[in-house]
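This one's a predicted model, so the numbers in the text were calculated from it and none came from an experiment. All values below were derived from every heavy atom in this structure, side-chain atoms included, with hydrogens, water molecules and symmetry-related copies excluded. The chains referred to below are lettered A, B, ... by the order of the sequence lines, with proteins before strands, and numbering in each begins at 1.
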Amino acid sequence: MDPNVRVRFAPSPTGYLHIGGARTALFNWLWARKNQGTFVLRIEDTDQDRSTEESVRVIFEALDWLGLDWDEGPLVGGPHGPYFQMRRLEVYQEFAERLIRAGGAYRCYCTKEELDAQRAKLPEKKRDRWVYPGTCRDRTDEPDLPWVLRQRVHGEGEVLLNDLVYGAIRTPISALQDQVLMRANGVPLYNFGAAVDDISMGINLVARGSDHIVNTPSQILIYRDLDAPLPRFAHLPMMLTPDGKKMSKRLGEQQGIDVPVEKYREKGWLPDALLNYIARFGWSQGDQEIFTRAELIEKFDWAQVGSGDGRFDKKKSAWVSGEHLRAQSDAALAAGVVPFLAARGLTVAPDDAKLLAAVKTVRPRSTTWVDMAEALDFYFRDEITLDPAAAQKFLNEGSRAQLAAIADVLSTLDDYSEAGITAALDAWLSAQGLEIKHVAQPARVALTGRAASPGIYEVLAVLGRERAVARLRAASVA
RNA sequence: GUCCCCAUCGUCUAGAGGCCCAGGACCGCGGCUUUUCACGUCGCUAACGCGGGUUCGAAUCCCGCUGGGGACACCA
């Protein structure tokens, strides 16, 4: 345990919280909570074309739903704010001056247009191999001209990145180029903004996606030139689509994977279940598959994080979701499903006795709230619709007569409880020389409208005498 | 194309030289349970990409190949 741990999650608000971003946030959060350190949220909104306030809100909501609370950041404040990059422009200005003085950057007066023109002269195939020729490296200051801050890559040898997950990664300094760090309007680019903020916010462990490994050497150079203490770095393997491609919203959804976190909420996932699935993705702890949030905090460690990219598995994620749902108490299940019933137009109170009883019967059959609400639907709806295929298959002249007889038995029954119903129907069945299996399916269709449901006696008991008898009679005459 | 990274069942993974003719989980398949569907339970199929080394011994170390992924912006 190390309460000095300071980690951060730094999303850019360009639409939604990406499932992979949620995992990055989770690993940082787990590490902070395990160490009783500090989890910082920083919004990297420097891409003014794509950043929106709406997506800032969406990200807050998603983190809130997941229960990943931050100790410093927007809404809660903290001693290292502001926590939106666009409100930290003076900080970058100051660091820019410092970096120039330290020899780690220079003012570049080349315009984008000039450089684009140079690039355009190259044959198309070589365009992306273009490197800045260093025109302004030693240019004297031009007080009247606009300038961008450009990194002065200097020194010999290689940059060593000692990654907690990947181990030693060496990059020759010669492979790095004089990239732009800050635009003429004072808005930083990623590598500068992230490094400056991580320094000024005292972040001592940077955990992010492995797609950022290539950025790290440039950032290490900034730390070095600023004489700032280097944080530890932990890069997380990528979460890919089932096809093994980088998970974009479009590609993910093409393959049936939800990429925005809010989708999981809409589909009725338990936040802890989603956390469990994404934590177990790239990280493991022996043979354990199901973890509570507390166990995740207790057991998480970088040593168990693997370096191989993985592919999202929808089936397994559904299983994890179901495991968590089934672990809930009846009361929690009832309370949780109420909004999802409401979404289907069914108003039920969370402490409704019938709901509590009904929930027991569908518990082993559900993987999400949405599933569960669907399974519960027939208990609470006044008029059910019969599944045509099921009705055709099981409701015929013979079964209709039996349903009518069963309705009679039930309507005169003294003890309308599951035990009472079972006893009475068993007596009736044996008097008829029948077994439950001969009438179960027709009864199921009549009572629930479907060919699959909880056990017939449970359904009868929970549904209540009035509705049960009415549905049986309705089906027997149709 | 260049640079970087990765490589165990279909998928997520255990495995840090002998404990592994490779273990767990999901999926799939089969049995049991059973009024349906689930849940549960028992079992089965299924992997160390290839080639060289090093070593008494390699899934584990080294090299090459192949395959995959990522990055190559005044995006993040």
Side-chain angles (χ1 to χ4, degrees), chain A residues 10-14 44-51 85 108 110-112 115-116 119 125-131 148-150 161 163 165-167 169-172 175-177 179-185 187-191 193-194 208-217 235 237-238 240 242 244-246 277 280-290 303-304 306-320 322-323 326 362-367 371 375 390 394 425 429 435-445 448 450-457 459:
Chain A
S12 50
T14 54
E44 306 211 330
D45 53 354
T46 55
D47 185 339
Q48 294 168 87
D49 291 336
R50 295 195 301 153
S51 299
Q85 290 193 314
C108 173
C110 301
T111 64
K112 181 128 188 348
L115 298 178
D116 281 347
R119 204 179 328 223
K125 285 183 177 170
K126 292 188 171 177
R127 294 268 163 86
D128 47 9
R129 270 173 273 174
W130 180 86
V131 290
V148 301
L149 184 73
R150 197 177 275 280
L161 160 60
D163 195 271
V165 174
Y166 288 87
I169 297 176
R170 296 162 206 282
T171 310
L176 271 18
Q177 29 174 315
Q179 63 183 319
V180 175
L181 294 178
M182 190 170 80
R183 301 173 174 100
N185 61 5
V187 177
L189 261 17
Y190 174 72
N191 275 322
R208 77 236 297 193
S210 68
D211 47 342
H212 284 300
I213 286 179
V214 285
N215 290 314
T216 311
H235 287 92
M238 305 293 287
L240 307 171
K245 299 293 176 200
K246 187 171 182 174
Y277 180 70
R280 222 3 226 82
F281 198 103
W283 171 80
S284 62
Q285 181 60 249
D287 287 341
Q288 189 171 351
E289 297 285 349
I290 301 301
Q304 270 72 242
S307 53
D309 295 341
R311 305 174 184 210
F312 197 99
D313 185 340
K314 202 175 183 182
K315 290 272 181 64
K316 184 153 188 175
S317 73
W319 175 77
V320 171
E323 287 291 302
R326 288 188 286 272
V362 299
R363 166 193 293 283
R365 277 163 257 266
S366 310
T367 59
D371 272 3
F394 295 111
L425 283 186
L429 284 166
E435 289 174 60
I436 183 64
K437 67 180 172 192
H438 302 306
V439 298
Q441 283 306 81
R444 192 181 314 282
V445 174
T448 71
R450 308 167 201 178
S453 83
I456 271 308
Y457 299 126
V459 166

Select one nucleotide: of rC12(B), rG70(B), rG69(B), the one nearest the side-chain heavy atoms of V214(A). rG70(B)
Give N185(A) one of three labels, base, sugar-phosphate or nothing, depending on what nucleic acid heavy atoms sit under 4.0 Å from its own. nothing
Rounded to whole Å, CZ of F312(A) lies from P of rC27(B) at a distance of 14 Å
Does rU2(B) have a Watson-Crick or wobble mate here (both distances under 3.5 Å), and if so which one? rA71(B)
Let's see if you can work this out: which of rA7(B), rA76(B), rC5(B) has an atom nearest to the side-chain heavy atoms of I169(A)? rC5(B)
Who is the Watson-Crick or G-U wobble partner of rU41(B), with both distances under 3.5 Å? rG31(B)
Using a heavy-atom cut-off of 4.0 Å across all strands, would you classify K315(A) as base, sugar-phosphate, or nothing? sugar-phosphate
In whole angstroms, the gap separating P of rC74(B) from OH of Y190(A) amounts to 16 Å
Look at the side-chain N and O atoms of S453(A) and state whether any lies under 4.0 Å from the OP1 or OP2 oxygen of rU36(B). no
Please report the distance, rounded to the nearest Å, between CG in D309(A) and P in rU8(B). 11 Å
Among rG24(B), rG10(B), rG69(B), the one nearest D313(A) by side-chain distance: rG10(B)
The side chain of R280(A) lies closest to which of these nucleotides: rA71(B), rG24(B), rU35(B)? rG24(B)
Round to a whole Å and report the spacing from CG of D116(A) to P of rA73(B). 11 Å
For a quick test of reading the model: is some side-chain N or O of K246(A) closer than 4.0 Å to OP1 or OP2 of rA71(B)? yes
Using Watson-Crick or G-U wobble geometry with both distances below 3.5 Å, tell me the partner of rG64(B), or none. rC50(B)
For rG18(B), give the paired nucleotide (Watson-Crick: N1-N3 plus N6-O4 or O6-N4; G-U: N1-O2 and O6-N3; both under 3.5 Å), or none. rC56(B)
Would you classify T111(A) as touching base, sugar-phosphate or nothing, given that sugar-phosphate means primed atoms plus P, OP1 and OP2, and contacts are heavy atoms under 4.0 Å? base
Kindly indicate whether the side chain of R365(A) and the base of rC37(B) share any N or O donor-acceptor pair separated by less than 3.5 Å? yes
Mind checking H235(A) for me? I need base, sugar-phosphate or nothing, with any heavy atom below 4.0 Å counting as a touch. nothing
Strictly below 4.0 Å: does S317(A) bring a side-chain N or O up to OP1 or OP2 of rC26(B)? no
With nearest nucleotide decided by heavy atoms, which residue, P237(A) or V180(A), maps closer to the 5′ end of RNA chain B? P237(A)
Which nucleotide sits closest to the side chain of W319(A): rA76(B), rA25(B), rG24(B)? rA25(B)
Checking all strands, does A175(A) fall into the base, sugar-phosphate, or nothing category for heavy-atom contacts under 4.0 angstrom? nothing
So what does G455(A) hit on the nucleic acid, given a heavy-atom distance under 4.0 Å: a base, only sugar-phosphate, or nothing? base
Considering only side-chain heavy atoms of Y166(A), which listed nucleotide, rU35(B), rC5(B), rC26(B), is closest? rC5(B)
Of rA38(B), rA73(B), rC6(B), the nucleotide closest to the side chain of P364(A) is rA38(B)
Across every strand shown, the nucleotide meeting Watson-Crick or G-U wobble geometry with rU36(B) (both distances under 3.5 Å) is none
Measure from the side chain of L189(A), starting at C-beta and using heavy atoms only, and say which of rU36(B), rG70(B), rA76(B) lies closest. rA76(B)
R183(A), nearest nucleotide to its side chain (from rG24(B), rA73(B), rA76(B)): rA76(B)
For H235(A) and S307(A), does a side-chain donor sit closer than 3.5 Å to a side-chain acceptor? no
Report yes or no: is there a donor-acceptor pair, N or O only, under 3.5 Å between the side chain of E289(A) and the base of rG24(B)? yes
